[in-house]
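If you're wondering where the values come from, they're calculated on a predicted model, not measured in any experiment.
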Amino acid sequence: MQYLIGKGMSIFVDDSSVIDQNSINQALFILTGFTPINTGGFTVWENGRERYWVPSDAPDEDIAAITEELNAQAIVPSLDADFAQRLLRLVPMAINPIVQVNGRLIGGWQVESNPTPSDGDIMTNGHQSHSYQHTVLPMAIAMVFLQAQGIGQQAWIYTGEHDTATPELHYVVPLDSNLKVLENTPTFIRAPDLDQFAAVGVPLHAWEDALTTALLTKAARTPA
């Protein structure tokens, strides 16, 4: 599934919710306010006085020279501790070490963010937790941040119990436990055409089209 992250920019999330490393870094920059600038064949990410570039394809011996030429700091945002601190300021998260799983020593981190529930939210007593485990703490923080922005989530429309109810758009992490609840709740209708807008907001025309489809689907499910 393609997710828009900015004007004319999108990243791909596969059916297993996997995102490639370059897309993760690109999304982190865009969703924290950076603008890409092509400089000498390299992409420099700029936000005010901050200038970064990602040395993913550059030989180690060339990084210092390229950094000086671009007047930009070389970082990989998904692996950088300082950038992770930026993400923590934007999205509060709980961080816990993982020592072992099923008795096996692994070493790693469990990172979670619990957003404020919306009316009609039936996920885990009103909260839908965003969480990720990884052996590298900045990566776990980065992935929870992207989840909190909507990346990898599915769109569902809550139509309400009554005809006078105000419909709501919910973006849901597609865990089996979440989907089982939604699929068995007639007031929630899947809206796949809205997935792509999770991080940038849904245009009015797209919302109106999806809502019309959802209400028709609900009506078709309702016994005469």
Side-chain angles (χ1 to χ4, degrees), residues 1-6 9-34 36 43 45 47 50 52-58 60 63 73-117 123-125 127-155 170-181 195-196 198-200:
M1 181 66 197
Q2 295 285 342
Y3 286 84
L4 300 174
I5 56 174
M9 304 186 73
S10 64
I11 62 171
F12 180 77
V13 181
D14 71 14
D15 292 339
S16 300
S17 298
V18 174
I19 313 173
D20 72 71
Q21 185 69 46
N22 288 336
S23 293
I24 291 171
N25 293 324
Q26 181 184 51
L28 290 174
F29 278 129
I30 290 291
L31 296 174
T32 54
F34 284 82
T43 298
W45 296 92
N47 185 0
E50 294 181 281
Y52 298 118
W53 71 287
V54 181
S56 55
D57 299 323
D60 289 344
I63 290 177
Q73 182 181 348
I75 70 165
V76 178
S78 57
L79 303 176
D80 185 81
D82 289 337
F83 204 93
Q85 287 295 324
R86 176 196 299 268
L87 302 180
L88 289 172
R89 289 192 293 270
L90 294 171
V91 176
M93 304 179 197
I95 299 172
N96 293 292
I98 302 172
V99 178
Q100 57 183 325
V101 173
N102 297 327
R104 180 170 58 89
L105 290 174
I106 59 168
W109 302 92
Q110 171 78 31
V111 179
E112 294 185 350
S113 173
N114 291 307
T116 302
M123 299 291 104
T124 320
N125 297 321
H127 290 273
Q128 183 194 180
S129 176
H130 302 133
S131 64
Y132 201 83
Q133 292 184 10
H134 203 278
T135 54
V136 178
L137 180 56
M139 176 61 81
I141 291 170
M143 296 306 294
V144 170
F145 174 81
L146 293 182
Q147 286 182 15
Q149 306 311 302
I151 301 299
Q153 297 195 32
Q154 290 185 358
H170 291 249
Y171 281 101
V172 177
V173 178
L175 301 175
D176 289 343
S177 56
N178 290 346
L179 298 182
K180 183 177 180 180
V181 173
D195 289 358
Q196 62 182 312
V200 298

Please tabulate, for the side chains in residues 136-148, all donor-acceptor contacts under 3.5 angstrom to protein atoms that are two or more places apart in sequence or on a different chain.
from   : atom 1 : to     : atom 2 : distance (Å)
Gln147 : OE1    : Ser131 : N      : 3.1
Gln147 : NE2    : Ser131 : O      : 3.1

| Which heavy atom in Thr135 sits nearest to a heavy atom in Trp109, and how many Å separate them? | O-CD1, 3.7 Å
| salt bridge (Lys or Arg N to Asp or Glu O under 4.0 Å) contacts in which one or both residues fall within residues 76-88, not counting sequence neighbours | Glu50-Arg86
| message | Is it the case that over 12 heavy atoms from other parts of the model lie below 6.0 angstrom from the CG atom of Asp15? | response | no
| remark: Closest heavy-atom pair, Met93 versus Leu87, reported as atoms and distance to 0.1 Å, is CE-O, 4.2 Å
| note | Note: Trp45 and Ile30 closest approach over all heavy atoms is CZ3-CD1, 3.5 Å
| remark: Interatomic distance, OH@Tyr171 vs CD@Gln154, rounded to 0.5 Å, equals 11.0 Å
| message | Quick check on Asp176: does its CG atom have over 12 non-hydrogen neighbours (other residues, nucleotides or ligands) under 6.0 Å away? | response | no
| field | Test ring-ring contact (aromatic ring centres under 6.0 Å, His included) applied to Phe34 - qualifying residues, sequence neighbours left out | value | Phe29, Tyr52
| field | Note, Asn22 side chain near Val54 side chain (heavy atom, < 4.5 Å) | value | no
| task | Taking the side chain as every heavy atom from C-beta outward, state whether Leu90 and Leu31 have any atom pair closer than 4.5 Å. | result | no
| request: State whether the side chain of Ser113 and the backbone N or O of Pro92 hold a donor-acceptor pair below 3.5 Å, judged by distance alone. | output: yes
| side chain to side chain contact (heavy atoms under 4.5 Å, CB included) between Ile151 and Ile11: does it pass, once the steps are laid out? | CA-CA 9 Å; Ile151 301 299; Ile11 62 171; 3.9 Å; yes
| query | Among side-chain atoms of Gln196 and Ser10, is any donor-acceptor pair under 3.5 angstrom? | reply | no
| query | What is the minimum heavy-atom distance between Ser16 and Asp14, and which atoms define it? | reply | N-OD1, 2.8 Å
| task | For side chain to side chain contact (heavy atoms under 4.5 Å, CB included), just list the numbers for Val76 and Gln21, CA-CA rounded to whole Å, side-chain angles, deciding distance to a tenth of an Å, and then say yes or no. | result | CA-CA 10 Å; Val76 178; Gln21 185 69 46; 4.2 Å; yes
| Should His130 and Val91 be marked as a side chain to side chain contact (heavy atoms under 4.5 Å, CB included) after you check the CA-CA gap, both sets of side-chain angles, and the distance that decides it? | CA-CA 11 Å; His130 302 133; Val91 176; over 6 Å; no
